[in-house]
2 protein chains.
Amino acid sequence: MPVSIAEVAARAGVSQGTVSKVLNGRVAAQIALATQERVKIAASELGYHPSAIARGLAGKRLDTLGIVFAQGNTFFATSPYFAAILDGILEVVTRAKQNTMLFTGQVWSDARQGLPILRDGRCDGLLLISPPAESDIVPALLEAKLPFVLVGDINPHPLVTSVDVDNVMGARKITEHLISLGHRRIAYLCGPPTVSSVSQRLQGYQDAIEADGIEFDLSLVMPGAYLQESGYERARELWRLPADQRPTAVFCGNDLIAIGAMAALHDLGARIPQDISVAGFDDIPSAATSQPSLTTMRQPMHLLGQHAAARLLALIQATEEPGFKEVLPTELVVRGSTAPPA
Amino acid sequence: MPVSIAEVAARAGVSQGTVSKVLNGRVAAQIALATQERVKIAASELGYHPSAIARGLAGKRLDTLGIVFAQGNTFFATSPYFAAILDGILEVVTRAKQNTMLFTGQVWSDARQGLPILRDGRCDGLLLISPPAESDIVPALLEAKLPFVLVGDINPHPLVTSVDVDNVMGARKITEHLISLGHRRIAYLCGPPTVSSVSQRLQGYQDAIEADGIEFDLSLVMPGAYLQESGYERARELWRLPADQRPTAVFCGNDLIAIGAMAALHDLGARIPQDISVAGFDDIPSAATSQPSLTTMRQPMHLLGQHAAARLLALIQATEEPGFKEVLPTELVVRGSTAPPA
DNA sequence: CTGTTAGCGCATTCAG
DNA sequence: CTGAATGCGCTAACAG
């Protein structure tokens with residue numbers, strides 16, 4: 001139903017090839033100005049717009065970036081982290097006049113099953129939002145030769161481009177903050193062990209602990225999910241420990257966990273930060289408004305998205321070589337949820 | 001680079017047409033079971049997946065829905081309303097194994113300019129997130145014969161399908177709540193006058209006011225934007241009124257405005273709800289955690305998204321006729337920001 | 001300077 | 001039951 005290039009050609013009294021050249025600005029193939037005029041007028045009179053899929057088939061860019069993520073059944077509501085990253089991506093994408101495809105049906109654990117749809121020609125490149133380390137999607141994509149960049153994750157492969165924060169350092173700094181307040185027994189409530197940020201933050205936590213001569217106690221490391229409910233449950237478990245084994249502070253793998261943990265501790269009658277300090281990671285919007293406000297390690301999520309999108313664009317235009325691993329800094333934000341132990 | 005149907009055909013020793021028939025389950029054109037087997041095996045061995053754009057060009061569905069919205073430069077961060085709707089949409093879309101395109105470059109005021117990209121063949125239908133009433137996008141889409149549904153807006157045209165809440169009733173109910181507390185002088189801080197929800201809520205507000213014999217005072221209606229900053233500014237203006245003309249309560253067009261207004265009032269030394277009551281609309285997540293918690297009219301944003309996506313799917317599959325105007329109920333949520341006047 | 005031709009990968013007639 | 005031919009709308013050589 002939409003007007004095709006043939007109609008424009010007919011109205012301008014030229015061939016399709018000519019229309020294509022004029023409209024794509026291939027001035028290289030010199031075309032009489034008068035003809036150019038005629039074509040342009042015909043096109044605009046007809047309200048012509050090329051079919052994206054047809055030009056895609058013919059081998060041109062689609063000016064479309066794909067965003068891949070998997071979050072079970074819910075998305076933004078449960079992941080302010082993802083929402084902020086997406087926000088950053090969209091800013092850059094919109095400014096660059098590109099479009100966006102959202103792939104929500106992925107199962108990270110099985111790229112063989114989900115990959116085809118990612119490379120069936122609909123987008124020029126992919127942005128992967130923190131896939132778990134054990135997913136086979138990265139090798140699959142590498143093999144498919146589709147440009148992509150990892151966001152919120154890094155990968156040792158020399159051809160994988162990524163944008164992430166320094167999780168090890170971030171976790172180390174916030175743990176040091178806790179130590180500097182006088183805490184010696186600090187728990188780590190983390191996300192799923194297969195996600196790389198979880199192990200990296202564990203590393204930073206352990207580094208800080210040991211640098212201070214505190215013994216690393218694995219029983220204080222409690223894996224779960226990056227969700228509020230998980231924080232709630234783990235904190236309850238923590239509180240079941242004999243009083244002399246209870247930590248005086250807890251570092252949570254992200255703010256969602258921290259907020260859940262604070263809720264549980266509150267329900268159990270513990271006062272924060274008097275009885276126990278709680279620290280998070282990310283600095284999502286609600287960290288500032290929680291009760292008490294949450295001490296956390298801020299991640300520039302918006303920037304993460306912006307930079308990742310910009311890099312993918314550069315990769316697609318071959319302006320940049322793949323393989324760069326960009327690391328953004330984090331920032332300690334001290335609020336009301338941490339204080340010296342009683 | 002990806003494997004094409006020709007390769008599958010070659011490997012199975014049949015023609016492309018046969019492969020297409022087998023893989024698309026056109027058992028109508030009876031094909032020997034042995035052949036079917038051979039084709040299927042060849043396809044899976046080769047890891048074949050059809051090119052979406054090629055089959056799109058050949059006239060098939062792309063299994064892709066487009067989501068259109070325009071929010072200036074920022075998106076989710078500034079619009080929890082939109083994020084919640086998107087969440088609902090994605091749930092349905094993911095379950096239906098469809099994909100999603102996000103169109104962020106639209107300028108509602110000029111559909112002629114932005115429309116082409118929406119109908120260049122990349123998606124089977126469109127979801128429009130509350131376009132302003134005066135936008136010419138609806139007539140343009142109607143003319144283009146592309147299935148679409150309006151979310152968070154309604155349109156009188158008999159062929160336009162939409163999903164929205166009853167804004168008039170919602171605004172009326174919450175205004176009545178304020179009146180029942182004893183307020184007689186109630187301001188309305190609203191969003192941009194061109195958005196239909198703004199005028200509908202104004203209607204409900206006015207209905208409630210007048211039903212109670214209170215004189216409608218246009219100077220208490222303050223238009224702005226659906227943003228926190230706007231609420232902040234308008235509330236300051238409000239406070240500049242001579243003490244005897246100040247309202248004792250303010251109904252805000254959405255929660256963002258309400259939160260901004262509460263911040264301004266707080267900064268000006270007013271106590272909420274003792275000195276002035278504040279009510280919002282939407283019930284975004286932060287409404288429950290604000291200080292004080294916000295009384296508001298809850299909108300089932302998640303459902304809005306789910307239903308809209310389901311209807312669009314039905315429209316595309318021609319399971320449903322266009323034109324249905326679905327209206328979802330709102331629910332009054334009384335919290336700490338409203339109380340009887342001093 | 002411009003028209004013609006040949007695919008891109010797939011679905012779909014229409015003949016056998 | 002299966003193959004060959006055609007076209008979807010567009011771009012990119014290649015001729016003139």
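Labels below follow one simple rule: chain letters A, B, ... track the order of the sequence lines, proteins then strands, and each chain is numbered from 1.
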key: Side-chain (A:Thr161) to main-chain (A:Gly323) donor-acceptor, under 3.5 angstrom   =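 A pair under 3.5 Å: yes.
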
key: Side-chain donor/acceptor of B:Asn99 to backbone N/O of A:Phe103, under 3.5 Å   =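 The answer is no, because no donor-acceptor pair under 3.5 Å joins these two groups.
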
[X]: which residues meet the side-chain hydrogen bond (donor to acceptor under 3.5 Å, both in side chains) condition with it, sequence neighbours left out?
X	value
A:Ser130	none
A:Glu45	A:Arg11
A:Glu134	none
A:Asp120	A:Arg122

request  = Scan residues 148-159 of chain B for pairs that pass salt bridge (Lys or Arg N to Asp or Glu O under 4.0 Å), counting only residues two or more places apart or in two chains.
outcome  =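 Sorted result for residues 148-159 of chain B: empty, none.
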
Under the side-chain contact (heavy atoms from CB on, under 4.5 Å) test, which residues partner [X], sequence neighbours left out?
X	answer
A:Leu328	A:Val163, A:Val165, A:Pro300, A:Leu303, A:Leu304, A:His307, A:Glu326
A:Pro50	A:Tyr48, A:Arg55
B:Pro192	B:Thr194, B:Val195, B:Val198, B:Tyr226

Taking only nitrogen or oxygen atoms into account, show me every contact under 3.5 Å that the protein makes with nucleotides 4-6 of chain C, one pair per line with its distance.
none

I need the [atom1]-[atom2] distance between [X] and [N], as an integer number of Å.
X	N	atom1	atom2	answer
A:Glu37	C:dT2	CD	P	13 Å
A:Arg122	C:dC10	CZ	P	13 Å
B:Arg61	C:dA11	CZ	P	14 Å
B:Leu57	D:dC8	CG	P	10 Å
B:Leu23	C:dC10	CG	P	10 Å
B:Leu62	D:dC8	CG	P	17 Å
A:Asp63	D:dC10	CG	P	15 Å
A:Lys60	C:dC8	NZ	C1'	14 Å

message = Can you list, in residue-number order, the parts of residues 39-55 of chain B that come under 4.0 Å of DNA chain D, counting heavy atoms only?
response =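 Here the set is empty: none.
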
message = With side chain to side chain contact (heavy atoms under 4.5 Å, CB included) as the criterion, how do B:Ser79 and B:Phe69 come out once you've worked through the C-alpha distance, each side chain's angles and the decisive distance to 0.1 Å?
response = CA-CA 11 Å; B:Ser79 184; B:Phe69 65 111; over 6 Å; no

What are the two closest heavy atoms between [X] and [Y], and how far apart are they?
X	Y	result
B:Ile137	B:Gln106	CD1-OE1, 4.1 Å
A:Leu57	B:Ile53	N-CD1, 3.5 Å
B:Leu159	B:Pro322	O-CB, 3.5 Å

key: Of residues 4-13 of chain B, the positions that come close to DNA chain C - non-hydrogen atoms, cut-off under 4.0 Å   =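 Contacts with DNA chain C under 4.0 Å: B:Ser4, B:Ile5.
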
ask   = Hey, does B:Val14 reach any base, or is it just sugar-phosphate, or nothing, if we go heavy atoms under 4.0 Å?
value =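 Since only primed, P, OP1 and OP2 atoms lie under 4.0 Å of B:Val14, the category is sugar-phosphate.
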
key: End-to-end axis angle, where each axis spans five pairs of the helix from C:dC1-D:dG16 to C:dG16-D:dC1, to 10°   =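 Taking the rotation axis at each end, their angle is 50°.
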
query = Which listed nucleotide (C:dC8, C:dT12, C:dT2) is nearest to the side chain of A:Thr35?
reply =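 In terms of side-chain proximity for A:Thr35, the closest of C:dC8, C:dT12, C:dT2 is C:dT2.
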
key: Residue met sooner reading DNA chain D from 5', once B:Leu33 and B:Gly59 are mapped to nucleotides   =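 That would be B:Leu33.
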
